[in-house]
Amino acid sequence: MSNDEITLTAGDAEVALVPGSGGRVRSLRIGGVELLRQGERYGCFPMVPWCGRIRDGKFRNGATLHQMPLNSPPHAIHGTARDGAWRVARTGKNEAVLTYDLVEPWPYPGRVTQIAALTEDSLTLTMSVEAYESSFPAQIGWHPWFNRNLGQDDARVDFTPAWQEERGADHLPTGNRIDPLPGPWDDCFGMPDGVHVTLSWPGQLELTVASREEWVVVYDEQPEAVCVEPQTGPPDGLNTRPRLVTPIEPLEATTTWTWRTL
């Protein structure tokens, strides 16, 4: 199938996916209003096979030490799949399935599958990582860039995390959990009952980012956008909280964005 842009529609909601640009969601329009920041780095991209930063780009799998390219020196950030071309496995009016084969510099063969399913009031993204041969640690997450302003007032971010991962000077968690601090944030939070973060554009729209996972990074230090990133572990999690993918046990995660007009 073609790797050209895919458009999904349901009611007045429209989603554009770009398989050839990291399998990202390029656009989410509700009633003609664009919710995602535009540009080749933006939209919403999958973070896989890791999320956020890996300290010094190094991680271990058992006794084997691996070095990833330092694309955010001195660290490696956001996985490798966002830089690759994904394939279209299936597409319809309101659902698409994309796949990506893990290749170098990632040292282990495997496959990532992402399903995007659109309804009139929600977008559900489901991602899985399969190992072909050797087991390896992995993470799954999404990095949406929501427009801070939709033409009226700036978005408000509402959530009630159980804790915040203390951030060191190197932007990585120190290992200490602290009481949540006021923003602005480039921080990871714990929500053990599942991620539930609401963005409200007063008088316009309310959107909730939800996931069964317990980790979310909120980044709102940029004037143009607010990022709410559900993920299966904290930054540097390949080292600190590894989730092992085996040939018989894939890693899977889901996030659902639900919206309503105000």
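We use all heavy atoms of the structure for the numbers below, so side chains are in, but hydrogens, waters and symmetry mates are not.
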- Message: Ignoring hydrogens and geometry beyond distance, is a side-chain donor-acceptor pair present between Thr99 and Thr113 at under 3.5 Å?
- Response: no
- Donor-acceptor side-chain pairing of Thr255 and Ser211 below 3.5 angstrom: no
- Might you point out which heavy atoms bring Asp56 and Gln67 nearest each other, and give the distance in Å? O-NE2, 3.0 Å
- Between Glu130 (side chain) and Pro250 (backbone), is there a donor-acceptor pair under 3.5 Å? no
- Tell me, yes or no, whether the heavy-atom count around Arg177 atom CZ, taken from other residues, nucleotides or ligands under 6.0 Å, exceeds 12. yes
- Item | Side-chain donor/acceptor of Asp186 to backbone N/O of Tyr219, under 3.5 Å | no
- Would Tyr100 and Arg111 count as having a side-chain donor-acceptor pair, cut-off 3.5 Å? no
- Item | Sidechain-backbone polar pair: Thr174 side chain, Arg167 backbone, donor-acceptor under 3.5 Å | no
Run the side-chain donor-acceptor check on residues 191-201: report pairs under 3.5 Å with partners two or more places apart or on a different chain.
| residue | atom | partner | partner atom | Å |
| --- | --- | --- | --- | --- |
| Thr198 | OG1 | Thr208 | OG1 | 3.2 |
| Trp201 | NE1 | Asn147 | O | 3.0 |
| Trp201 | NE1 | Arg148 | O | 3.2 |

- Message: Looking at Gln139 and Cys51, would you say the former's side chain and the latter's main chain have a donor-acceptor pair under 3.5 Å?
- Response: yes
- Indicate yes or no: does Glu206 engage Arg260 in a salt bridge with an N to O separation below 4.0 Å. yes
- Query: Would you call Asp101 and Arg87 a salt bridge, using N to O less than 4.0 angstrom?
  - Reply: yes
- Message: My understanding is that only residues two or more places apart in sequence, or in another chain, count here; which of them pass ring-ring contact (aromatic ring centres under 6.0 Å, His included) with Phe159?
- Response: Trp185, Phe189
- Query: Looking at Trp257 versus Phe146, is the centre-to-centre ring distance below 6.0 Å?
  - Reply: yes
- Message: For Gly151, is there any backbone N or O sitting under 3.5 Å from a side-chain donor or acceptor partner on Asn149?
- Response: yes
- Atom pair NE2 (His78) and CZ (Arg53), whose distance is rounded to the nearest 0.5 Å: 6.5 Å
- Taking the six-membered ring for Trp and the single ring otherwise, decide whether the centroids of Trp142 and Trp215 are under 6.0 Å apart. no
- Message: Using only atom types and a distance under 3.5 Å, with no angle test, would you say the side chain of Glu104 pairs donor to acceptor with the backbone of Trp106?
- Response: no
- Item | Lys/Arg-Asp/Glu bridge criterion (N-O < 4.0 Å) met for Arg24, Glu40 | no
- Would Arg37 and Gln222 count as having a side-chain donor-acceptor pair, cut-off 3.5 Å? yes
Could you go through residues 242-249 and list every donor-acceptor pair under 3.5 Å that involves a side-chain atom there, pairing it with any protein atom two or more places apart or in another chain?
| residue | atom | partner | partner atom | Å |
| --- | --- | --- | --- | --- |
| Arg243 | NH1 | Thr232 | O | 3.3 |
| Thr246 | OG1 | Ile248 | N | 3.2 |
| Thr246 | OG1 | Glu249 | N | 2.9 |

- Message: For a quick check under 3.5 Å, do His66 and Tyr108 share a side-chain donor-acceptor pair by atom type?
- Response: yes
